[in-house]
Structures are given as structure tokens and as C-alpha cells.
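All of these numbers come straight from a predicted model, not from anything done at the bench.
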There are 2 protein chains.
Amino acid sequence: MEALAEYFKVFSEPNRLAVLEALRGGPLNVTAVVDKTGLSQALVSKHLKLLTIAGVVQRRPEGSLVFYEVIDKSVFKLIGQAEKLLLAARRQQLDALAAIL
Amino acid sequence: MEALAEYFKVFSEPNRLAVLEALRGGPLNVTAVVDKTGLSQALVSKHLKLLTIAGVVQRRPEGSLVFYEVIDKSVFKLIGQAEKLLLAARRQQLDALAAIL
DNA sequence: CAGCAAAACAACGTCATCGTGATACTGGGT
DNA sequence: ACCCAGTATCACGATGACGTTGTTTTGCTG
């Protein structure tokens with residue numbers, strides 16, 4: 001339960017999600033992720049390190065570049081499921097509000 | 001993306017997950033959750049409020065008690081999926097380690 | 001109405017995380 | 001050997017979340 005919370009925490013940061021989203025199409029090196037997301041280089045590096053430690057992403061140096069790649073693409077299913085639940089929750093909240101008014 | 005991160009954050013806290021887990025079996029009042037989790041009353045109340053605001057849980061006063069219930073049980077599917085990914089990530093990390101040694 | 005248990009709220013200290021700016025490391029090309 | 005682009009790391013300040021303690025509200029009961 002402790003560990004599970006930590007795992008969820010990985011996805012609980014907008015910029016980290018943006019980095020992941022940038023990697024949806026396939027492997028990218030750090031600079032490419034920087035360009036795609038508009039985040040600072042230091043920040044992207046940090047988030048990629050976290051994602052690597054979490055086992056979500058794999059680091060692969062290639063010459064002087066370093067490519068990162070999503071290991072198990074089913075993380076995007078997790079994200080999709082969360083998006084679905086989020087929408088449902090929003091709907092539910094509106095319904096609850098309507099029931100009061 | 002902003003909102004999605006916030007949603008993930010709901011599940012990124014061990015005690016909050018414990019509260020949710022306590023509610024897996026069905027509706028419970030606050031004191032029951034306190035007993036099941038061993039957390040302080042104030043803390044349980046706080047987490048339940050958060051879960052309510054997030055639209056994960058529904059508040060239903062009944063007499064002098066207040067019952068809370070998980071609205072959409074498929075949140076447990078989300079949790080299950082995350083557990084699965086967590087295990088896979090752990091396995092992958094071990095493999096990567098073995099490849100080095 | 002007084003008293004009591006359940007639940008919520010407020011204020012506070014503490015700790016973790018985020019993002020930045022500056023600096024170090026690394027490998028390839030000249 | 002040197003320089004440069006790419007990447008990683010460090011130190012720092014700011015912000016926000018967590019948990020606790022103490023207090024307040026609420027609704028039942030006698």
C-alpha cells in the first residue's frame with residue numbers, strides 16, 4: 001500500500017505526465033523531450049530520472065545522446081482509465097449539484 | 001493534464017488508499033473507518049472530505065452518523081491495474097540488474 | 001434543555017517536492 | 001588535446017501536503 005501510493009505519485013505531476021505523453025510516440029532523446037514539452041532541460045532530466053527509477057521508462061545512451069523509452073505501454077491504459085474515471089467523477093458531481101438545486 | 005495529475009494525486013497517499021480500502025466492502029461511517037484503519041478521527045475525516053471533493057466517495061448522513069460510500073467501484077480496477085504495473089516495473093528492474101551482473 | 005457521542009473544522013509545525021540557475025560531467029568531432 | 005552539444009547534478013527558495021492537538025458543530029437521548 002505504501003509502495004502503491006508511491007507509484008501513483010509518479011503520475012500525480014502535470015509536467016511528468018507531459019514528459020510521458022511526449023514519449024507516447026516512441027523513444028526520444030532528452031533534448032527532443034525538452035522541445036516537445038517546453039520544459040527546462042534540468043527539469044526534464046529530473047523527471048526522466050524519476051520515471052526511470054520508477055521503472056516506467058528505460059534509459060538508453062546512443063552515442064552522445066540519451067534516449068528514453070516507455071517500457072510497458074500499458075501505462076497509457078492506466079492513464080486512459082484514470083481519465084475516464086475523472087470524467088465520470090465530474091459528471092457525478094454535476095448531478096449531485098443538480099439534485100440540490 | 002493538470003486535472004489528471006490532481007486525480008492521480010488522490011491515490012498517491014498511503015492513508016488515503018487505506019481509507020479507500022476500508023470502504024471496499026461497502027458503506028461505512030467515519031468511526032468504522034477509524035477503527036478499520038487505526039488512523040486518527042481528524043485525519044480520516046480530512047481524507048474522506050478530499051475523496052468526496054474528488055468525486056470518488058459519496059457522503060450520506062444517517063441520523064447522527066455519516067456514512068461514506070465509493071461511488072464508482074471501478075476505481076478499484078484502476079488500483080488493481082496500478083498494482084499490476086508496479087509489479088511489472090519491479091520485475092523489469094530486477095531483470096535490468098541481472099543483465100548488468 | 002442538558003449532556004453526550006460523532007463528525008468537522010482551525011491553526012500550527014514539519015517535511016517533501018517542485019522548478020530554477022549555475023555548475024559539472026560525457027563523448028564525439030576537429 | 002580541446003571544444004562543444006547533450007545530459008546530469010547541486011544548492012537553494014518557495015510552495016503545498018500531511019498529521020496532530022484542541023475546539024466547535026451537529027443531532028440524538030434522557
Side-chain angles (χ1 to χ4, degrees), chain A residues 1-23 26-70 96 100, chain B residues 1-23 26-70 96 100:
Chain A
M1 175 123 3
E2 185 80 7
L4 185 57
E6 292 258 326
Y7 191 73
F8 271 115
K9 202 179 291 186
V10 172
F11 305 97
S12 71
E13 227 284 321
N15 289 336
R16 211 141 51 215
L17 285 181
V19 168
L20 259 187
E21 202 57 41
L23 292 175
L28 289 181
N29 70 332
V30 178
T31 307
V33 174
V34 169
D35 292 344
K36 250 198 174 182
T37 59
L39 303 174
S40 77
Q41 186 267 322
L43 191 54
V44 168
S45 192
K46 248 189 193 176
H47 282 309
L48 284 172
K49 183 176 187 181
L50 246 182
L51 288 167
T52 304
I53 292 176
V56 174
V57 143
Q58 191 182 18
R59 193 186 116 107
R60 175 164 40 89
E62 190 137 331
S64 75
L65 305 185
V66 178
F67 283 81
Y68 285 88
E69 179 173 12
V70 173
I100 295 173
Chain B
M1 175 125 2
E2 184 79 7
L4 185 58
E6 292 258 327
Y7 191 73
F8 272 115
K9 201 179 290 186
V10 172
F11 304 98
S12 71
E13 227 285 320
N15 290 336
R16 210 142 49 216
L17 285 181
V19 168
L20 260 186
E21 203 57 42
L23 292 175
L28 288 181
N29 69 332
V30 178
T31 307
V33 175
V34 168
D35 292 345
K36 250 197 174 181
T37 59
L39 304 174
S40 77
Q41 185 267 322
L43 191 53
V44 168
S45 192
K46 247 190 196 176
H47 283 308
L48 284 173
K49 184 177 186 179
L50 246 181
L51 288 167
T52 304
I53 292 175
V56 174
V57 143
Q58 192 183 17
R59 193 185 117 106
R60 176 163 41 87
E62 190 136 333
S64 74
L65 305 184
V66 178
F67 283 81
Y68 285 87
E69 178 172 14
V70 173
I100 295 173

Does a side-chain N or O from A/Tyr68 land closer than 4.0 Å to OP1 or OP2 of D/dG6, or not? no
Between CZ of A/Phe11 and P of C/dT17 the distance, given in whole Å, is 16 Å
Sugar-phosphate only, base, or nothing, as touched by B/Ser45 at under 4.0 Å among non-hydrogen atoms: base
Once you round it to whole Å, what is the distance between P of C/dG27 and CZ of A/Arg60? 17 Å
Whole-Å distance, B/Leu28 CG to C/dA6 P, equals 15 Å
Could you tell me if the side chain of A/Gln41 sits less than 4.5 Å from the side chain of A/Thr31, heavy atoms only? no
Within a strict 4.5 Å, meaning less than it, do heavy atoms of the A/Arg59 and A/Glu69 side chains meet? no
Rounded to whole Å, the CZ-P distance (B/Arg59 to C/dA6) equals 16 Å
Does a side-chain N or O of B/Lys49 approach OP1 or OP2 of C/dA8 to a distance below 4.0 Å, or not? no
What integer distance in Å separates A/Leu48:CG from D/dG6:P? 16 Å
Closest approach of B/Leu39 and B/Val34, non-hydrogen atoms and distance? O-CG1, 3.3 Å
Closest heavy-atom pair, B/Tyr68 versus B/Leu48, reported as atoms and distance to 0.1 Å, is CD1-CD1, 3.6 Å
When you measure from the side chain of B/Arg16 to the backbone of B/Val10, do you find a donor-acceptor pair of N or O atoms at a distance under 3.5 Å? yes
Residue pair B/Val56 / B/Tyr7, side-chain heavy-atom distance below 4.5 Å: yes
Protein proximity profile, nucleotides 11-30 of chain D - base contact B, sugar-phosphate-only contact S, no contact -, cut-off 4.0 Å on heavy atoms: B------SBBB-----SS--
Rounded interatomic separation in angstrom, taking CG from B/Leu65 and P from C/dC4: 19 Å
